[in-house]
Protein chains: 2
Amino acid sequence: MMDLLKPNERIDDLVCKNLKIIQNPKSYCFSIDAVLLSNFVTVKKGETVVDLGCGTGVISLLLSAKTPAKKIYGIEILDTVADMAERSVKLNGLEHKIEILSMDMKDAPQKLGRGKYDVVVSNPPFREIGTGKINPDPVKACAKHELFVNLEGVISAAGMLLKKGGRFFLIHRTRRLPDIFCYMKKHKIEPKKIKFVHSTFDSPPNMVLIESVKGGNPEMKVLPSLYIYKEKGVYSEQIMSVYGENAERQGLLNSGQ
Amino acid sequence: MMDLLKPNERIDDLVCKNLKIIQNPKSYCFSIDAVLLSNFVTVKKGETVVDLGCGTGVISLLLSAKTPAKKIYGIEILDTVADMAERSVKLNGLEHKIEILSMDMKDAPQKLGRGKYDVVVSNPPFREIGTGKINPDPVKACAKHELFVNLEGVISAAGMLLKKGGRFFLIHRTRRLPDIFCYMKKHKIEPKKIKFVHSTFDSPPNMVLIESVKGGNPEMKVLPSLYIYKEKGVYSEQIMSVYGENAERQGLLNSGQ
C-alpha cells in the first residue's frame, strides 16, 4: 500500500463507507466546505457528474459513495494534485466510477463535450486576486485564490458542460452572491435554491450553497440555514449527523479556506 | 377636516408621532411591507429621498417622521392615489417636507433630474404579468401586478435618480432575488445588505429587504432575519417593538400583497 504514497502524504479516513483519501498535511487538506457541498448535491441514478477543480478528489469520492452517479469526472489543473486524486481513486478501487483529468477547467467543455452532463459541482477558490496574501505553497494558493480561474470562469465552464435541465451545485462566499447570480444568469444557469451556512447560530452566514439549473425558469427558494457549531468548539447536531464523531477525532474538519 | 375625505375614505393612525393617513378600505390599504421597508431605510440629516410608487404615501410619511430627511418626493402614477397621498401630506402639515408627484416613475429621472438624490426607496408591485389573477380594482391591481412598471423599470429609475454613493432600499419577493441582483448590477447599483423576512421562525423567507449603493464595490452582507409572527396570530417581539399594540388593534397590519 505504501507505494501509493509520496513524501509527507498520509491516508485519511473519509468516515463514509470506508472511503480513504490521500492527503499531504504539509500542503492542502480538504475543508468542511467540500463535505458540506457533497451533502448538498443530489445525483439521480445513472447521471454523469463533473467536479470542477476537484483537488485531491474529496467531493468525487464522497459522491461516488453517497449517490447513484454512473460516472464522475474530476477536473484538476495541478498535475501533482490530480495525481494524488488518481491514487486515491485507485486506493478505493473506484476506477470504474471516477476519472481524474488533469486540465484547466476552462478547457473541459471542449475536451469532455458540451451540453452532455447532468450535474456539475464545484468548490472553487474563493478569493479574488488582490484580496489577501497569496499562500507561498502553490497548492494552497490555488485552492484559495483565483489564480487559474475566476468566478465567471467556473460558472461559464459549468454552463457549457451541462445539458438543458442539468444542475450546477456550488459553494462560495456569501459576500459574492450578487456576482454569482449575475454570472449564472449570463451563462443561462438559473439559481433555484440557496442554503446559507453560518458558523454559529448568532453569526451571519459566511458561506452559501447554491443549486442552479441550466435553462431553468427564474424562481428561487431559500432553504433553512445550516449552523456549524452549537457552541465554541462543539459541532451542531446538523453537522454531527453528517460526520459522526470520528470526523472530529480525526481532525478532518479543517476550518475552511 | 371632512372635506379632506372622498367617499369610502377614512383616516387611519400610523402609530408613529401622531401621523395620520387617508386610506380607502374598499380599495387598497398599505401592508406590513411598507412598514418593514420604512424601518429598514436609513436617511441622514439633510438627505433628499425619492419614494418610487409611493401609493397613498405611507413610506414617505413614515420617513418624514422617523428620519432627518430634508425633502421626500413621492412618485405615484395613479392620479386618484397621488391625490389621496397629497391630502394625507396636508392633513399632517408636511407640505414643506413631502412633495407628491403624479407621474410614471420611468419619467422621474428626466423630470426630477438625474444623479441628484441621496436615497431612493421602493415597495413596488411584486407580481409579474401572467402570474396570478389581476385584481378588478385598478388600485389594488397596480399595487400587486407590474402593470405600469416592471422590476427592471423600478431599478433602472432608481439607478438614474441616485447620485454616486446614494442608497437604494427595496423590498421584494425572495424568489426574485437573482433577477433583482442582476438588474441592480446592470444599472450600476451594488447590493450591499440583505435582510430576509420570514412569516414564522419555521417558514422560509418570503420577502427580502435590500440595501444597495450606486457605484458601490461588490461586497454583500446578510443581516439577521426578521420574523413576523412568533406563533399563529401573535406578532414577534421584533415586530411589536416597531409597531406597538395599537397597530394590531387598529388592524393596520394587512397581510402583504
Side-chain angles (χ1 to χ4, degrees), chain A residues 126-132 146 150-152 155 168 170 172-227, chain B residues 126-132 146 150-152 155 168 170 172-227:
Chain A
F126 294 149
R127 300 194 75 116
E128 293 145 289
I129 305 285
T131 65
E146 295 181 334
N150 62 15
L151 180 55
E152 183 169 8
I155 292 171
F168 175 41
L170 176 70
H172 218 289
R173 295 267 171 139
T174 303
R175 68 178 193 82
R176 298 195 69 189
L177 199 55
D179 282 330
I180 292 168
F181 283 173
C182 293
Y183 290 135
M184 283 185 168
K185 289 188 81 90
K186 180 176 170 187
H187 295 282
K188 313 291 180 216
I189 309 175
E190 190 64 37
K192 301 296 274 182
K193 295 177 189 168
I194 60 173
K195 189 178 186 77
F196 290 109
V197 183
H198 306 240
S199 176
T200 63
F201 206 76
D202 302 330
S203 62
N206 190 29
M207 306 294 301
V208 61
L209 294 152
I210 304 162
E211 177 175 345
S212 52
V213 171
K214 177 79 185 284
N217 293 323
E219 174 80 47
M220 197 199 68
K221 281 184 187 158
V222 180
L223 303 178
S225 287
L226 188 65
Y227 301 93
Chain B
F126 294 149
R127 299 193 74 114
E128 294 145 288
I129 305 282
T131 65
E146 294 180 335
N150 61 17
L151 179 57
E152 184 170 8
I155 292 170
F168 175 40
L170 176 71
H172 218 290
R173 296 265 171 139
T174 303
R175 66 177 193 82
R176 298 195 68 188
L177 199 56
D179 282 330
I180 292 167
F181 283 172
C182 293
Y183 290 133
M184 283 184 167
K185 288 186 83 89
K186 181 176 169 187
H187 295 281
K188 314 292 180 216
I189 308 176
E190 191 64 37
K192 300 297 275 182
K193 294 176 190 169
I194 60 173
K195 188 177 187 75
F196 290 108
V197 182
H198 305 240
S199 177
T200 63
F201 206 76
D202 303 330
S203 62
N206 190 30
M207 305 295 299
V208 60
L209 292 153
I210 304 161
E211 176 175 346
S212 51
V213 171
K214 178 77 185 285
N217 293 323
E219 175 79 46
M220 197 198 68
K221 280 185 188 158
V222 180
L223 304 178
S225 287
L226 187 64
Y227 301 92

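Within every chain, numbering begins at 1; the chains are lettered A, B, ... in the order of the sequence lines, protein sequences first and strands thereafter.
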Heavy-atom pairs under 4.5 Å with chain A, option from B:P205, B:S203, B:S225, B:P204 with the top count: B:P205

Determine whether a donor-acceptor pair (N or O, by modelled atom type, separation under 3.5 Å) exists between the side chain of B:K214 and the backbone of B:H187. no

Is the shortest distance from a Lys or Arg side-chain nitrogen in A:R175 or A:E128 to a carboxylate oxygen in the other one below 4.0 Å? yes

A:P178 versus chain B, heavy atoms under 4.5 Å apart: side chain, backbone, both or neither? both

Distance in Å, B:L209 CG paired with B:L223 CG, rounded so as to fall on 0.5 Å steps: 9.0 Å

Could you look at B:P224 and say if it's the side chain, the backbone, both or neither that has a heavy atom under 4.5 Å from chain A? neither

Got a salt bridge between B:K185 and B:E190, using NZ or NE/NH1/NH2 to carboxylate O under 4.0 Å? yes

Between B:Y183 and chain A, which part of the residue has a heavy atom less than 4.5 Å away: side chain, backbone, both or neither? neither

Interchain contact, A:K221 with chain B, by part (heavy-atom threshold 4.5 Å): neither

Among B:I180, B:T174, B:D179, who wins on heavy-atom pairs under 4.5 Å with chain A? B:D179

The reported gap from NZ in A:K186 to SG in B:C182 (rounded to nearest 0.5 angstrom) is 11.0 Å

